[in-house]
Amino acid sequence: MTGEIFRAVEDAPSPPSFMRDQTVLAIGPLALGCCLLFAAGCRDADTDPDLRPQQAMPAPELSHYEQAATALARGDFVAAESAITKHLLGNPLDPRGLEMAGDLAAASSDSATAIELYRSAIQQAAPAMPALYEKLGRQMMTAGDPYGAADQLRASLAANPDSAKTRADFAGLVASLGMVRDAAEHLRWLLRRGKGGLNELIMLADLSVPQTDAAICNYALKQNPQDRRPLYPLALTDALEGNWERAAERLSEVTAAHPDFSPAWAFQGRVLVELGRKDSLLRWLEKLPADSDQWIEYWLAAGHWAEKDGRPAAAATAFWNAVQIDDAHGEALVHLAANLAQS
């Protein structure tokens with residue numbers, strides 16, 4: 001069978017010569033193209049740079065500040081401190097670097113160093129954000145300096161007057177330190193903008209009621225015993241409870257250690273009048289700071305003293321001045337009316 005097929009092929013007529021010529025012409029270019037493609041596919045990767053494997057570009061090296069931030073984020077305080085120290089050697093006035101160094105000091109419970117660094121950061125920032133003041137204030141509280149923390153919150157408000165949180169923090173702190181009237185403006189600001197609540201309304205209703213935070217005061221006295229100012233709000237509570245002798249003892253410590261702390265001096269006069277210590281009052285008058293008359297307690301002391309001496313006109317004048325400071329002060333209004341009726 002196979003032989004027959006071969007013979008059939010052999011016996012079959014051949015294509016005309018012109019067809020063979022055309023076939024050769026058609027196949028020629030095709031073969032040449034294949035050869036060219038084959039040759040292109042066989043380029044040498046060792047000598048052709050386009051065929052060499054491309055190496056990944058190295059990642060840019062992090063700056064010392066970025067290294068510190070990365071290390072701090074993962075909790076590696078040692079590496080973070082090393083990197084931020086290198087950063088500050090080259091950029092000693094960079095507020096970001098100073099703030100981060102303060103964060104590291106705070107994390108290490110080194111409040112003194114953190115306070116110094118945060119202060120430097122605030123000086124270099126223009127202006128500093130409330131969060132930076134808040135960090136400084138927190139470290140001052142930890143170090144037992146609540147009055148210093150209040151000063152920083154006051155400075156933060158001057159730089160960021162629209163910060164409701166800063167106003168609330170400031171009002172709460174100064175009220176707890178015996179200066180409720182310093183908080184009044186900020187309490188009203190919060191309430192007008194819907195940021196306050198029942199506590200703020202209660203405080204505003206009677207600014208003569210002390211809002212002393214004994215825990216803050218006692219902690220500050222323990223941590224920072226040379227600062228006797230926290231005894232002042234504790235004395236306010238003593239007086240409210242009728243313990244005038246104890247209040248006098250506390251205030252004597254405060255005024256001896258802080259001759260310029262006017263709130264304590266003003267209230268000391270009120271206490272001495274209540275105790276009937278006229279000789280002590282005369283010595284008190286000689287040492288009063290010049291701005292003591294800015295405090296309502298000064299005028300209350302003068303009014304009650306004049307009443308005890310039977311001088312209703314002088315008493316009325318004193319209570320009138322007290323009402324100018326707080327026009328809702330119940331005690332001042334009652335005594336003003338009574339002395340006006342007698343004068």
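Just so you know, residue 1 is the first one in the sequence shown, and it goes up from there. Computed from a prediction, not measured in an experiment: that's the story for all the values here.
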Establish, from distance only, whether the side-chain atoms of [X] and [Y] form a donor-acceptor pair under 3.5 Å.
X      : Y      : value
Asp103 : Tyr118 : yes
Ser163 : Asn160 : no
Asn224 : Gln226 : yes
Asp206 : Ser208 : yes
Gln139 : Ser111 : yes
Gln124 : Asp94  : no
Glu274 : His304 : no

With a 3.5 Å distance limit and no angle check, can you tell me whether [X] reaches the backbone of [Y] through a side-chain donor-acceptor pair?
X      : Y      : answer
Ser343 : Asn339 : yes
Asn321 : Thr317 : yes
Ser292 : Leu288 : no
His186 : Phe170 : no
Asn218 : Ala214 : yes
Thr212 : Pro233 : yes
Asp326 : Ala328 : yes
Arg270 : Trp299 : no

Within this structure, what is the [atom1]-[atom2] distance for the pair [X] and [Y], rounded to the nearest 0.5 Å?
X      : Y      : atom1 : atom2 : value
Ser156 : Ile122 : OG    : CD1   : 8.0 Å
Gln211 : Ile202 : CD    : CD1   : 8.5 Å
Leu340 : Trp320 : CG    : CH2   : 8.5 Å
His329 : Leu300 : NE2   : CG    : 5.0 Å
Lys278 : Leu282 : NZ    : CG    : 7.0 Å
Leu93  : Gln123 : CG    : CD    : 10.0 Å

- Message: Show, in sequence, the C-alpha distance, side-chain angles and deciding distance for His64 and Ile84, and conclude whether the side-chain contact (heavy atoms from CB on, under 4.5 Å) test is met.
- Response: CA-CA 6 Å; His64 288 133; Ile84 203 62; over 6 Å; no

- Message: Centroid separation under 6.0 Å, is that true for the rings of Phe261 and Tyr147?
- Response: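 Yes, ring centres under 6.0 Å apart.
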
- Task: May I have the step-by-step check of salt bridge (Lys or Arg N to Asp or Glu O under 4.0 Å) for Glu245 and Arg277, ending in yes or no?
- Result: CA-CA 11 Å; Glu245 288 285 355; Arg277 296 180 182 175; 2.6 Å; yes

Using 4.0 Å as the upper bound for N to carboxylate O, is an ion pair formed by [Y] and [X]?
X      : Y      : answer
Arg181 : Glu297 : yes
Lys165 : Glu134 : yes
Arg246 : Glu249 : yes
Asp279 : Arg283 : no

- Do Trp265 and Trp284 come close enough that some side-chain heavy atom pair is under 4.5 Å?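 Side chain of Trp265 against side chain of Trp284, heavy atoms only: contact under 4.5 Å found.
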
- Residue Glu116 excluded, over 12 heavy atoms near CD under 6.0 Å: no

- Query: For Glu200, does the CD atom sit with more than 12 other heavy atoms under 6.0 Å from it, leaving out its own atoms?
  - Reply: yes

- Message: Can you give me the closest heavy-atom contact between Trp244 and Ala239, atom names plus distance?
- Response: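 Looking at all heavy atoms of both residues, the closest pair is CZ3-CB, 3.7 Å.
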
- Cation-aromatic face contact Arg250/Tyr232, 6.0 Å, 45 degrees: no

